[in-house]
Structure formats: C-alpha cells, structure tokens
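The figures that follow rest on heavy atoms only: side chains count, while hydrogens, waters and symmetry mates do not. If you're wondering where the values come from, they're calculated on a predicted model, not measured in any experiment. Per chain, numbering begins at 1; letters A, B, ... match sequence-line order.
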Number of protein chains: 2
Amino acid sequence: MKLTQLQYFKTICEYNNITRAAGKLHVSQPSLSNAIKELEEEFGISLFYRLSKGLTLTKEGEVLLEEATRLLEQADLLVSRMNVIRRESQIVKLGVPPMLASLIFPKLLHSYRSSFPNARLQMIENGTLTNKTMVTDGTLDAAIISCDGFLPAAFHYTDLLLFRIYFYVSGQNPLASQTSVDMEETANLPLVLLAEDSFLTDYLMQYYKAHSLTPNVIIYTNQIATIRQLVENNTAMTFLFENILEPGENIARLAVRNLPAIQTKLIWNANKKISSATQNLIRLSKINYQQSSVPD
Amino acid sequence: MKLTQLQYFKTICEYNNITRAAGKLHVSQPSLSNAIKELEEEFGISLFYRLSKGLTLTKEGEVLLEEATRLLEQADLLVSRMNVIRRESQIVKLGVPPMLASLIFPKLLHSYRSSFPNARLQMIENGTLTNKTMVTDGTLDAAIISCDGFLPAAFHYTDLLLFRIYFYVSGQNPLASQTSVDMEETANLPLVLLAEDSFLTDYLMQYYKAHSLTPNVIIYTNQIATIRQLVENNTAMTFLFENILEPGENIARLAVRNLPAIQTKLIWNANKKISSATQNLIRLSKINYQQSSVPD
DNA sequence: CGTTCTTACGCCTTGCGTAATTATC
DNA sequence: GATAATTACGCAAGGCGTAAGAACG
C-alpha cells in the first residue's frame with residue numbers, strides 16, 4: 001500500500017471516472033487503473049463495480065475510501081507541520097544585551113547571514129540576567145551574555161571576547177586628566193548605569209555592597225545614546241565596556257584599577273534540543289572566536 | 001514521502017542506530033541511510049545529529065517522529081480494518097424459510113461452494129415475512145422468499161422456482177382417495193400450518209378471510225418433521241409445496257384447485273451496497289434458474 | 001461508433017544490495 | 001583498528017506513458 005495509490009483511489013472516487021481523475025492528477029489513465037488493481041489485489045477485495053459509464057464504489061470500497069481519506073489527511077497534516085518546522089528551524093531567537101548589541105552582534109550577524117542566507121537571526125534586547133532566564137525557559141534559542149567565572153551547568157556556552165570595564169567621564173570633568181580610577185573613588189560621583197538586569201550594573205552593585213559603599217546612581221537606562229549625552233553634559237559618569245563610547249574631546253576614558261576584564265559568552269540551554277540554525281550560529285561563533293568550550 | 005521511509009525512520013529512532021535498525025527491518029544499512037537522506041531533503045531539515053556512536057534525533061526529527069508514528073498507526077488501522085472487511089465480504093447471510101431450506105437451499109449451497117470455495121454461506125432460518133424485514137434493515141444480505149406477484153421496490157430480486165401448493169392428508173383419511181380439493185372444503189378440517197411469519201400460512205389465512213371462512217388450525221410449527229408426523233397420524237392435515245412430503249402409503253397429496261403456483265425468489269436490498277460474495281450468489285442464482293429480472 | 005476501462009509493452013526512475021570510503025573513538 | 005555512517009555503482013523491480021484491445025450502451 002502506498003500513499004500515491006490511496007490518493008489516486010480517492011480522486012477516482014471523487015469523479016467515479018478514471019479518465020477524468022487521470023486528467024485531474026496529470027497522470028495517464030492506465031496508471032490509475034493499475035493503482036486500483038494493485039489495491040484490490042493487496043486487500044483481496046474489489047473496490048468498484050465496473051459499469052459501462054464510469055465506476056461505483058462497492059461496500060468494501062466505501063470502507064477503504066473512509067480510511068484512505070483519514071490517512072491522507074493525516075499525511076497532509078504531517079507535511080504542513082514539517083513545513084512549519086522547517087521555517088521555524090531557520091529562525092534563531094538570540095538575546096543580546098544593549099551594550100553588546102553594538103560590540104559583538106553586528107559582526108556575528110554579518111558572518112551568519114553570509115554563511116546561511118536562508119536562516120534568520122531574530123535579536124531580542126535584554127540584559128544578561130533576563131537573557132539567562134529566557135534561555136532557561138526556552139523563549140530564546142541562545143543569548144550573548146557577560147559573565148565573570150561561574151556559569152550554571154544548565155547552560156552550554158562558547159567564549160566570545162574579553163572586555164575591560166572603563167569609567168567614562170565628560171571631557172570637562174577634572175577627572176578627565178587621569179588615566180585610571182579606583183572603584184572607591186567612583187562611589188560618591190553621580191552615576192548613570194545600564195538597567196538593573198544588565199550584568200555590568202549587577203556586577204558593580206555587588207562590588208559596592210561587598211566594600212560597604214553606597215553609589216550615587218542618578219538614573220538607570222538601557223539607551224547607550226542617553227548615557228553618552230549625560231556623560232558629555234557632565235551630568236553623570238558611567239561604567240561601560242571598552243569601545244562603547246569613543247574617547248575624544250567630550251568624553252574621557254579611565255581604566256578601573258580594581259576590576260578584571262569581563263568575559264562575554266554565547267550561551268544556550270544544555271537541557272534542550274537546539275535547532276540546526278542555532279547550532280550553525282554556535283559553530284560559527286566557535287570558529288570566529290576560536291574558543292571551543294563544550295562539544296556539540 | 002513514502003510510508004516505508006517513515007517506517008524506516010521510526011525504526012532507526014527506536015535504536016538510534018542505523019545498523020541495528022537495518023537488521024531488524026531486514027534491509028541493508030545503506031538503504032536506511034538513504035531513506036533518511038531523502039526525508040531530510042524533502043523536508044529541508046536535518047533529522048539526526050550524526051555522532052560517532054549512533055545517532056540522536058534533532059528537535060525537528062522529534063517532530064517528524066511524532067507525526068510519523070501517528071501516520072503509521074493510522075496506516076496499520078487501515079490495513080487491519082481492510083482485513084476485517086475482506087473476511088466479512090466473504091460471508092453471505094442468507095435468510096431461508098424452513099420449507100425452502102430443503103427444496104432450494106441445498107442445491108444453491110452446493111453450486112455456490114464449488115464456484116467460490118473461500119466464501120461462506122450463512123443460513124438463517126426465518127419465515128418469508130421476517131426475511132423481508134431483515135433484508136430491509138441489513139441484518140441479512142439476501143433471502144429466499146415465496147411471493148405472489150407484488151414485491152416492493154425496496155427489494156431487487158431474481159426468480160427461482162415455481163411451486164404448486166398441495167394439501168397433504170393421512171393415507172388413512174377418506175380424502176386420501178381424492179386427487180384434488182377445494183379451499184372451501186379445507187376450512188373445517190383440523191390443520192397444522194407453518195409458523196405465522198411464513199408466506200404460505202399468511203397467504204392461506206388471507207384467502208380464508210377473503211372468503212369469510214374460519215379455518216380450524218390446531219397448531220403452527222416451523223418443523224417440517226412435526227408436520228409430517230401429525231399428518232401421518234391423521235391428527236391434522238396441511239398445506240405445503242410440492243415435494244416437501246413424499247406421497248406414499250401414509251401420506252396422500254391432493255392438488256388445491258383454487259390456488260395458483262407460487263413463485264420463489266432470491267431478494268436483496270435495493271438501497272444498500274451488496275458485498276461481492278452476495279453478488280456472486282445472485283449471479284449464480286440467475287445462471288442456475290435462467291430468469292434475470294433486474295440488472296446487477 | 002463512441003466512451004471508458006483494461007491489457008501489453010517499452011522506458012526510465014527508484015529502491016535495494018555489495019563494496020569501497022570516510023569519520024570518529 | 002573497530003565501529004558505524006556515507007558514497008559509489010550495478011541490478012532488478014516498479015511506475016508511468018503510449019498504443020492496442022475489450023466491454024458496454
């Protein structure tokens with residue numbers, strides 16, 4: 001029994017006429033005739049009364065029609081579901097923190113699109129903390145995060161780049177003449193920080209707390225452009241990775257002596273199947289950054 | 001997409017190993033490898049992660065497995081249902097009145113079995129009236145009945161034999177010396193008749209009623225042997241078709257002057273599909289009795 | 001005589017098996 | 001080197017189309 005035979009059978013039933021069914025199916029009429037014969041032989045029953053004018057279903061044929069219709073519907077369902085799956089499997093939902101959206105994502109997107117033109121990278125902007133949650137619950141296929149050391153076993157990852165944390169101040173600010181700063185010095189200065197679900201803000205606040213310092217945060221925002229303006233105006237100062245704001249006339253960049261460089265990683269759920277598109281992205285990241293950490 | 005491909009895929013999933021699946025399916029391992037490749041190409045997804053030790057399903061593969069399992073179950077259902085239908089289609093449920101069970105049925109059964117050794121004829125004993133009901137509601141595929149003239153359009157039929165009605169009396173009865181009898185004469189005699197759902201009894205009672213006669217029926221029975229005994233004992237007399245009781249020392253047979261010969265027919269439901277086995281029986285009856293009445 | 005299904009036959013595709021190749025541990 | 005999947009290739013079966021045949025009105 002083959003699906004084509006059943007499809008042929010069903011179409012013939014719709015017309016009660018092999019010739020017309022053949023036209024509809026774009027096959028020759030003897031092919032259909034043969035398909036029916038094969039079904040009849042396989043099941044040991046006769047499906048049609050052969051009349052001079054067309055055919056009529058037998059009692060047994062009616063049963064086969066009923067079952068064949070069900071089976072073909074199920075087959076159609078399978079095909080359309082697979083079509084959905086194909087499309088879905090070509091979309092990677094990638095969580096990207098605002099700061100890394102400009103540092104890492106553009107390059108990744110570019111090389112991904114050139115390697116896999118059919119696939120789509122869907123970027124969702126979130127802080128590192130939110131990203132982790134969304135990777136865990138499956139909302140995201142993968143995420144770019146910042147990370148210092150420990151990462152739960154629920155995540156697999158590959159390392160991307162290391163970034164130093166810099167302290168950015170207005171060019172008009174007296175601090176602009178220094179090349180570096182201690183964390184302790186920054187506690188009393190007016191700060192603009194990334195939103196509270198960002199790794200950097202979380203990291204800094206933990207540092208302050210650990211050293212019993214209370215920072216003077218005047219605003220949290222995810223908008224890098226906003227941060228830049230506040231710094232340029234000398235309204236506030238900020239911590240950001242290197243290369244986020246270009247040092248120049250209006251902005252000075254100071255190294256932070258007490259802080260190590262921060263590792264950025266591409267993470268994905270260790271306990272879930274990952275789509276081929278996601279897998280491609282991972283592979284590409286490993287190749288681009290030459291730092292494999294877990295096997296595929 | 002073919003059912004065999006899906007079956008192969010499903011088996012491979014059970015083992016996560018093409019080689020073992022090939023052993024189970026009794027096909028070569030490249031055949032399975034190829035089937036998977038074809039499915040992957042058709043759906044534009046990859047189904048397995050190829051690892052050194054066997055395979056593991058991808059996310060997309062899991063969806064296909066789910067759908068394939070459903071489809072294959074449906075296909076199995078179709079096949080088993082068709083097997084039931086094949087067996088059923090080889091059984092004809094045939095209603096036969098007691099009297100005709102010995103006159104017509106043995107010959108019909110013999111020629112049917114020799115023409116169609118695989119088919120089965122299942123005889124159900126009923127009077128003509130019950131037979132008609134059971135053909136109408138589909139309990140019977142066909143029935144042998146007696147009939148005078150009119151038959152509703154809900155039945156198709158083919159004529160079998162004509163039978164004359166005879167009046168049987170004991171050899172010791174004074175009537176035994178006559179060769180014929182009038183219906184009127186029989187009204188006051190003690191009668192044993194076939195059960196009330198038999199055509200003959202119904203027919204006789206209508207005759208008596210139409211002529212304002214009240215017959216002296218002492219018992220109704222479907223047992224021809226019982227009737228014979230009652231007649232031989234001279235306890236009662238009876239009406240039966242010719243050749244039911246052989247005239248001889250103990251039994252005399254008298255023609256009934258007022259009654260015409262009765263037509264027996266094979267009938268089937270005009271509004272229902274009939275199985276091929278039933279159709280074969282009909283065809284055979286037409287050939288044996290050379291009296292076609294309606295087209296196939 | 002036309003309509004329609006069936007049979008016959010040739011071609012080409014496809015499925016399958018054997019054997020060689022690749023890959024991974 | 002052992003295990004297991006993939007690739008290459010040749011054969012045989014199956015599907016399909018064309019053309020001829022048969023049944024029925």
(message) Any side-chain N or O of A:Lys2 below 4.0 angstrom from OP1/OP2 of D:dG15?
(response) yes
(message) Please tell me whether B:Phe48 and B:Phe9 form a close aromatic pair, meaning their ring centres lie under 6.0 Å apart.
(response) yes
(message) The criterion is side chain to side chain contact (heavy atoms under 4.5 Å, CB included); which residues satisfy it with B:Thr139, sequence neighbours excluded?
(response) B:Met134, B:Asp137
(request) Tell me which nucleotide among D:dA4, C:dC16, C:dC5 gets nearest to the side chain of A:Asn17. (result) C:dC5
(message) I need the residues from residues 35-46 of chain A with at least one non-hydrogen atom less than 4.0 Å from DNA chain D; give them sorted by number, or say none.
(response) A:Glu38
(request) Between D:dT7, C:dC5, C:dG15, spot the one nearest the side chain of B:Ser33, thanks. (result) D:dT7
(request) Return the minimal non-hydrogen interatomic distance between B:Lys132 and B:Leu151, and the atom names on each side. (result) CE-CD1, 4.0 Å
(request) Decide whether A:Thr278 and A:Ser275 meet the rule of one side-chain donor and one side-chain acceptor closer than 3.5 Å. (result) yes
(message) Please determine whether a side-chain nitrogen or oxygen atom of A:Ser31 lies at a distance below 4.0 Å from atom OP1 or OP2 of D:dG17.
(response) yes
(request) Tell me, please, which residues at least two apart from A:Phe43 pass ring-ring contact (aromatic ring centres under 6.0 Å, His included). (result) none
(message) Distance check needed: C:dG15 P versus B:Leu3 CG, whole Å only.
(response) 13 Å
(message) In this structure, how many angstroms lie between the P atom of D:dA4 and the CG atom of B:Leu55, rounded?
(response) 11 Å
(request) Tell me yes or no: between the side chains of A:Thr130 and A:Thr133, is some donor less than 3.5 Å from an acceptor? (result) no
(request) Check the distance between C:dT4's P and A:Leu32's CG and give it to me in whole angstrom. (result) 14 Å
(request) For A:Arg87, check side chain to side chain contact (heavy atoms under 4.5 Å, CB included) against everything at least two apart and list the hits. (result) A:Asn83, A:Val84
(request) Could you check which residues of residues 7-15 of chain B get a heavy atom under 4.0 Å from DNA chain C? Sort them by number, please. (result) B:Tyr8
(message) Quick test of your reading of the model: are B:Arg81 and A:Glu66 salt-bridged, counting only N-O distances below 4.0 Å?
(response) yes
(request) Report yes or no: do A:Ser111 and A:Ser114 form a side-chain donor-acceptor pair below 3.5 Å? (result) no
(message) Any side-chain N or O of B:Thr4 below 4.0 angstrom from OP1/OP2 of C:dG15?
(response) no
(request) Give the rounded distance in Å between these two atoms: CG of B:Asn16 and P of D:dA4. (result) 13 Å
(message) For B:Phe241 and B:Phe163, take the angle between the two ring planes, folded into 0 to 90°, and tell me which bin it lands in: parallel under 30, tilted 30 to 60, perpendicular over 60.
(response) parallel
Every protein N/O lying under 3.5 Å from an N/O of nucleotides 18-21 of chain C:
none

(request) Quick one: pull up CG in B:Leu161 and CG in B:Leu100 and give me the separation to the nearest 0.5 Å. (result) 9.0 Å
(request) Kindly give the heavy-atom pair with the smallest separation between A:Leu32 and A:Ala22, and that separation in Å. (result) CD1-N, 3.4 Å
(request) Check the distance between D:dT6's P and B:Ile18's CD1 and give it to me in whole angstrom. (result) 5 Å
(message) Whole angstroms only, please: what is the CZ-P distance between A:Phe48 and C:dT4?
(response) 15 Å
(request) Could you tell me the separation between the CG atom of B:Asn34 and the C1' atom of C:dT14, rounded to a whole number of Å? (result) 9 Å
(message) Please report the distance, rounded to the nearest Å, between CD in B:Gln5 and P in C:dT14.
(response) 11 Å
